[in-house]
There are 2 protein chains.
Amino acid sequence: MQLSKAEEQLMEYLWRQGPIFMKDLIEAHPDPKPAATTIATLLKRMQDKGFVGYETFGNSRQYHALVTKEDYFGKHVKGLIQQFFGNSASQFASFFTTATDLSETELEDLKSVIEQQIKNKQQ
Amino acid sequence: MQLSKAEEQLMEYLWRQGPIFMKDLIEAHPDPKPAATTIATLLKRMQDKGFVGYETFGNSRQYHALVTKEDYFGKHVKGLIQQFFGNSASQFASFFTTATDLSETELEDLKSVIEQQIKNKQQ
DNA sequence: TATTTTGTTCTACAAATGTAGAATTGAAAA
DNA sequence: TTTTCAATTCTACATTTGTAGAACAAAATA
């Protein structure tokens, strides 16, 4: 199953802050903070979908992500590539670099990442 | 506004086939083909959202996309980058290249695309 | 211990989405 | 011109999503 937009945003907090109690989750939101029940509902749904777990401490729970951001995001990207480029990653990559308009520095950085990867492939 | 999943899929047909009549749109679907009213509803909603237009021919309409796949997809990618990497395109790019596991050839291709872009930036 | 606070669950409800039947309209065929 | 047929619109309805009040339970505090 898939997370909804609001659930994804909450997930971001879980990824950033690691295991966290509900009050701190709410606290972490900018004003106007959502109602506690809103967060509770979202957390519940995310548990049902298998993305969130918790540990009980006294009367409250410490929530944590059950998927890494990398895993989750990787699936997303793959989904996008699949959907829009019939699975051609390089076609996507080339599109990506033109579409996102990186700065020269960013391009240089990216180039060295790629060179490194080529080296890894070769040995 | 944003297209929903089902709307995106329909959009794919519009991008692939270009201007197209409803009967051909339905025809293009694999079995079990959706009801004509389902497609009609989706097209209507897509028009309301500004993604689809049409030209009238006799009693029927030839539908066409009002956004290119590149534009639409580019916004998507930017949204993802924004959401997951706080707008650092290079961080995303680096993640992307590791996550999608390109072949050596693909990496070389990508590298030249990037080199080309660096040249463009420089002049 | 009685009271207040706080976390969690239940319930609710409007908006968006996926899907399609019923009705209508306009063109084509008889 | 009347009947037939296909395209479009209206209406509908279940599910998912965003949001939160009401109620309840447990812990902290007075």
Side-chain angles (χ1 to χ4, degrees), chain A residues 1-14 17-67 72 75-76 79 83, chain B residues 1-14 17-66 72 75-76 79-80 83:
Chain A
M1 210 181 292
Q2 255 283 206
L3 291 178
S4 74
K5 286 276 171 255
E7 289 162 356
E8 263 178 18
Q9 285 210 285
L10 202 48
M11 209 61 189
E12 281 292 327
Y13 285 100
L14 293 182
Q17 327 252 323
I20 187 172
F21 290 95
M22 226 188 58
K23 72 168 192 313
D24 299 313
L25 246 187
I26 294 169
E27 204 41 56
H29 278 78
D31 290 315
K33 304 194 191 308
T37 50
T38 300
I39 301 295
T41 302
L42 290 176
L43 284 173
K44 193 69 183 305
R45 289 178 185 166
M46 289 158 90
Q47 284 161 225
D48 294 346
K49 292 180 179 179
F51 288 92
V52 165
Y54 62 81
E55 258 192 287
T56 305
F57 286 87
N59 70 324
S60 58
R61 301 168 178 177
Q62 192 181 40
Y63 296 94
H64 59 266
L66 291 178
V67 277
Y72 183 78
K75 282 202 187 82
H76 252 248
Q83 186 186 358
Chain B
M1 210 181 291
Q2 256 283 201
L3 291 178
S4 73
K5 286 274 170 261
E7 289 162 355
E8 261 178 21
Q9 287 210 285
L10 202 47
M11 209 59 189
E12 281 293 327
Y13 285 100
L14 294 182
Q17 327 252 322
I20 187 171
F21 291 94
M22 226 188 59
K23 71 169 194 311
D24 299 313
L25 245 187
I26 294 168
E27 204 40 58
H29 279 78
D31 289 316
K33 303 194 192 307
T37 50
T38 300
I39 301 296
T41 302
L42 290 176
L43 283 172
K44 194 71 183 305
R45 290 177 184 165
M46 289 158 91
Q47 283 160 226
D48 293 347
K49 292 181 180 180
F51 288 92
V52 165
Y54 62 81
E55 259 192 286
T56 305
F57 285 86
N59 69 326
S60 58
R61 301 168 179 177
Q62 192 182 38
Y63 296 94
H64 58 267
L66 290 177
Y72 183 78
K75 282 202 188 81
H76 251 249
L80 267 192
Q83 186 186 358

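Heavy-atom basis, side chains included; hydrogens, waters and symmetry copies ignored. In what follows, chains carry the letters A, B, and so on, assigned in the order in which the sequence lines appear, proteins first and then strands, with residues in each chain numbered from 1.
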Asks: In whole angstrom, give the distance that lies between atom CD of B:E8 and atom C1' of C:dT17.
Replies: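 Those two atoms, CD and C1', are 13 Å apart.
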Asks: After noting the C-alpha distance and the side-chain angles of A:L10 and A:L3, does the key distance pass the side chain to side chain contact (heavy atoms under 4.5 Å, CB included) rule?
Replies: CA-CA 10 Å; A:L10 202 48; A:L3 291 178; over 6 Å; no
Asks: Just how far, in rounded Å, is P of D:dT17 from CE of B:M1?
Replies: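 Atom CE in B:M1 sits about 18 Å away from atom P in D:dT17.
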Asks: Whole-Å distance between C:dG7 C1' and A:K44 NZ?
Replies: 13 Å
Asks: Find the distance A:M46:CE to D:dT16:P and express it as a whole number of Å.
Replies: 17 Å
Asks: What are the two closest heavy atoms between B:S4 and B:K49, and how far apart are they?
Replies: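 Heavy atoms only, the tightest pair is N-NZ, 4.0 Å.
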Asks: Between residues 19-29 of chain A and DNA chain C, which residues have a heavy-atom gap below 4.0 Å?
Replies: A:M22, A:K23
Asks: May I ask you to check whether B:E8 and B:Y72 show a side-chain donor-acceptor distance below 3.5 Å?
Replies: yes
Asks: Using whole Å, what does the distance between atom P of nucleotide C:dA16 and atom CG of B:L3 come to?
Replies: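 Nearest whole value for this atom pair: 14 Å.
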Asks: Quick one: CZ on B:F51 to CD on B:E7, what's the gap to the nearest 0.5 Å?
Replies: 8.5 Å
Asks: Please give, in whole Å, the distance from C:dT8 C1' to A:Q47 CD?
Replies: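 Interatomic distance, CD of A:Q47 to C1' of C:dT8: 10 Å.
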Asks: Can you give one letter per nucleotide of nucleotides 18-30 of chain D, 5' to 3': B if a protein heavy atom sits under 4.0 Å from the base, S if only from the sugar-phosphate, - if neither?
Replies: BBBBB---SS---
Asks: Compare every heavy atom of A:M11 with every heavy atom of A:M46, then report the nearest pair and how far apart it is.
Replies: CE-SD, 3.4 Å
Asks: Over all heavy atoms of both residues, which pair between B:V52 and B:Q47 is shortest? Give the atoms and the distance, please.
Replies: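 B:V52 and B:Q47 have their closest heavy atoms at O-CG, 3.5 Å.
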Asks: Could you check whether A:Y63 gets within reach of a base, just the sugar-phosphate, or nothing at all, counting any heavy atom under 4.0 Å?
Replies: sugar-phosphate
Asks: Could you tell me which residues satisfy side-chain contact (heavy atoms from CB on, under 4.5 Å) with A:S60, sequence neighbours excluded, listed by chain and number?
Replies: A:F21
Asks: Reading DNA chain C from 5' onward, which residue's closest nucleotide shows up sooner: B:K49 or A:R61?
Replies: A:R61
Asks: Using whole Å, what does the distance between atom C1' of nucleotide D:dA6 and atom CZ of B:F57 come to?
Replies: 18 Å
Asks: For residues B:A28 and B:Y13, report the shortest heavy-atom separation together with the two atoms involved.
Replies: O-CE2, 3.5 Å
Asks: Would A:Q17 and A:H64 count as a side-chain hydrogen bond (donor to acceptor under 3.5 Å, both in side chains) if you check the C-alpha gap in whole Å, the side-chain angles of each, and the deciding distance to 0.1 Å?
Replies: CA-CA 9 Å; A:Q17 327 252 323; A:H64 59 266; over 6 Å; no
Asks: Starting at atom OH of A:Y54, determine the distance to atom P of C:dT8, rounded to an integer number of angstrom.
Replies: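 The distance from OH of A:Y54 to P of C:dT8 comes to 9 Å, rounded to the nearest Å.
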